[in-house]
Number of protein chains: 2
Amino acid sequence: MNWKFATFNVNGIRARLPVVLQWLEQHQPDVLCMQEIKAQEKDFPQGAFRDAGYSVSLRGQKSFNGVAIVSKKPAEELLCRLDEENPDEEARFIAGRFDGIWVVNTYVPQGRTPEDPAFRYKIDFLERLKRWFESRFDPGDRLIWAGDINVAPEDIDVFDPKRMEGEIGCHPAERQAFSRVKSWGFIDLYRKHHPNEKQFTFWDYRLPMSFKRNLGWRLDHILVTDPVARASLECMVDHELRGRDKPSDHTPVWAEFDLEKL
Amino acid sequence: MNWKFATFNVNGIRARLPVVLQWLEQHQPDVLCMQEIKAQEKDFPQGAFRDAGYSVSLRGQKSFNGVAIVSKKPAEELLCRLDEENPDEEARFIAGRFDGIWVVNTYVPQGRTPEDPAFRYKIDFLERLKRWFESRFDPGDRLIWAGDINVAPEDIDVFDPKRMEGEIGCHPAERQAFSRVKSWGFIDLYRKHHPNEKQFTFWDYRLPMSFKRNLGWRLDHILVTDPVARASLECMVDHELRGRDKPSDHTPVWAEFDLEKL
DNA sequence: GTGCATGTGG
DNA sequence: CCACATGCAC
């Protein structure tokens with residue numbers, strides 16, 4: 001039986017609700033991770049997802065950030081913070097078990113510029129995440145880490161690597177921090193299926209005509225442990241959405257798995 | 001040859017542009033007066049109107065008020081302020097000559113409450129308008145005064161005259177001020193064609209379900225001098241627009257004239 | 001450029 | 001309830 005998974009930085013769930021519902025209707029993923037829902041729990045349109053046949057797990061915050069997982073079956077287990085000791089950390093992390101697979105959904109800080117304190121926070125976030133994986137899981141577990149990681153891992157993942165060298169999203173320090181988390185036991189699923197494809201998942205609103213001119217970044221990722229990678233059939237970026245009327249600046253990434261190979 | 005005229009408080013031209021363009025496309029008025037465009041000249045979507053075959057004359061202001069006239073032919077003469085001595089008066093007045101007919105488009109102050117200084121300003125505005133008509137025109141001229149007058153002239157023009165007695169829009173002082181301007185030589189064209197109709201042009205957003213329950217006011221008017229009244233064929237309120245998706249709180253009023261009778 | 005928060009105005 | 005202004009973040 002096939003199992004479908006997707007991740008999408010929606011940039012405001014209230015503004016993007018029609019787009020997301022239509023995408024769910026068409027693609028029927030078993031699990032969809034969303035980032036930048038930009039809503040508190042009380043403002044998240046839970047009813048609309050339930051009516052579409054999806055269960056909602058979410059970690060909200062007023063105005064910024066916020067992550068959610070919607071799934072055909074409710075989470076078998078759920079964790080809403082990376083750091084249980086810190087009750088008012090930003091809403092950038094949620095993890096749940098679905099059909100026996102642990103799904104970790106993150107919205108990694110963007111970091112502003114490499115000089116900004118926010119950049120240090122980004123690196124720290126990735127290091128905390130690495131320790132979190134180490135302490136709870138084994139690379140042989142069924143585990144998916146997905147979301148807006150805000151790092152373009154290689155030069156192929158930016159529209160103009162020369163121009164973007166050392167810039168936010170491409171800085172060696174963040175690439176290395178991301179790489180270190182992956183080295184624990186993750187495979188970049190899009191890159192596994194498409195080793196040489198220059199395919200982006202984000203086009204900045206602020207760059208004039210960025211989508212039309214394909215001035216993008218691959219910042220949204222599906223990372224999986226080895227057993228999950230071996231069960232994977234495909235991983236794709238649905239850039240079509242970005243060309244429509246009121247798009248998010250990001251676009252969905254999805255993957256399909258053969259559960260019998262797991 | 002028939003000549004079509006309309007007035008519409010759009011409540012923000014930028015928010016209402018698709019609605020207005022579709023209405024123009026369908027109804028093809030020779031002249032449309034708009035109020036509450038809520039835009040400065042530079043922010044008014046002139047290109048969209050030109051593409052639709054309309055010439056634009058406007059008096060804008062940042063954020064509030066603002067009036068415009070769009071017309072199949074450009075204005076033969078144009079006046080943009082009621083009080084030429086006062087350069088920073090609110091953008092509530094524009095007048096132009098089209099096909100030999102003078103069209104005066106006003107957004108009369110709402111007045112807040114009868115106790116508020118804004119109410120005095122409303123009465124004064126109507127009195128200044130009366131003097132303006134007296135000084136420049138004769139009741140025998142071809143003249144149309146239209147717009148959001150913000151007065152329900154008679155009890156029939158409010159959903160609940162008992163409840164609204166003395167309230168803003170129905171207060172005796174503003175009814176009298178409006179009546180005094182009309183007494184110079186204007187005929188209420190909707191009332192001429194529909195003497196006993198209880199038909200509203202405004203339904204407050206803030207009253208729950210006001211449109212569905214028809215809790216409205218007739219505040220938008222087409223006033224004409226006697227020769228124009230004699231050439232008139234019909235005057236109607238297009239309340240259908242108010243029932244759609246993102247409506248203005250007001251709805252268009254239109255009239256048709258036989259130019260050969262003029 | 002876009003979404004959201006808050007404040008003003010109707 | 002709705003539109004617009006300003007301010008913030010990305």
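Proteins get letters first, then strands, A, B, ... in listed order; numbering begins at 1 in each.
OP1 and OP2 of D:dC1 both lie 4.0 Å or more from every side-chain N or O belonging to B:Lys212. Taking side-chain N and O atoms only, A:Lys122 has no distance below 4.0 Å to OP1 or OP2 of D:dC10. Residue B:Arg242 places none of its side-chain N or O atoms closer than 4.0 Å to OP1 or OP2 of D:dC1. The side chain of A:Arg112 places an N or O atom within less than 4.0 Å of a non-bridging phosphate oxygen (OP1 or OP2) of D:dC10. Within the structure, every side-chain polar atom (N or O) of B:Arg206 is placed at least 4.0 Å from both OP1 and OP2 of C:dG10. Not one side-chain nitrogen or oxygen of B:Lys38 sits closer than 4.0 Å to the OP1 or OP2 atom of C:dG10. At D:dA3, one or more side-chain N or O atoms of B:Arg16 fall inside 4.0 Å of OP1 or OP2 (strictly under the cut-off).
The CZ atom of A:Phe44 sits 15 Å away from the C1' atom of C:dG3 (whole-angstrom rounding). Regarding B:Gln61, its CD atom lies at a distance of 18 Å from the P atom of C:dT8, rounded to whole Å. At whole-Å resolution of the value, CG in B:Leu207 and P in D:dC1 are 12 Å apart. When the C1' atom of D:dC10 is taken as reference, atom CH2 of A:Trp203 falls 17 Å away, rounded to whole Å. The CG atom of B:Asp116 sits 10 Å away from the P atom of C:dG9 (whole-angstrom rounding). What separates CZ of B:Phe64 from P of D:dC2 is a distance of 18 Å, to the nearest Å. Rounded to whole angstrom, the span from the CD atom of B:Glu36 across to the C1' atom of C:dG10 amounts to 7 Å. The distance between atom CG of A:Asn65 and atom C1' of C:dC4, rounded to the nearest whole Å, is 12 Å.
Comparing A:Ile37 and B:Gln110, the nucleotide of DNA chain C nearest to each residue sits closer to the 5' end for A:Ile37. Remark on DNA chain D: of its neighbouring residues A:Tyr107 and B:Ala39, the 5'-side contact belongs to B:Ala39, judged by nearest-heavy-atom nucleotide. With the nearest nucleotide of DNA chain C identified for both A:Asp43 and A:Tyr205, A:Tyr205 has the one nearer the 5' end.
The environment of CD in B:Glu127 is crowded: more than 12 heavy-atom neighbours from other residues, nucleotides or ligands sit within 6.0 Å.
If you check C:dT2, C:dT6, C:dG3 against the side chain of A:Lys62, the one that comes closest is C:dT6. Of all nucleotides listed (D:dC10, D:dC4, C:dG3), D:dC4 comes nearest to the side chain of B:Ser63.
Note that CZ of B:Arg92 and CD of B:Gln61 are 7.5 Å apart. Values are rounded to the nearest 0.5 Å. Remark: A:Thr106 OG1 to A:Asn150 CG distance equals 9.5 Å, nearest 0.5 Å.
Side chain of A:Arg180 to backbone of A:Leu126: no donor-acceptor contact under 3.5 angstrom is found.
Using cut-offs of 30° and 60° for the angle between ring planes, the A:His221 and A:Phe178 rings count as tilted.
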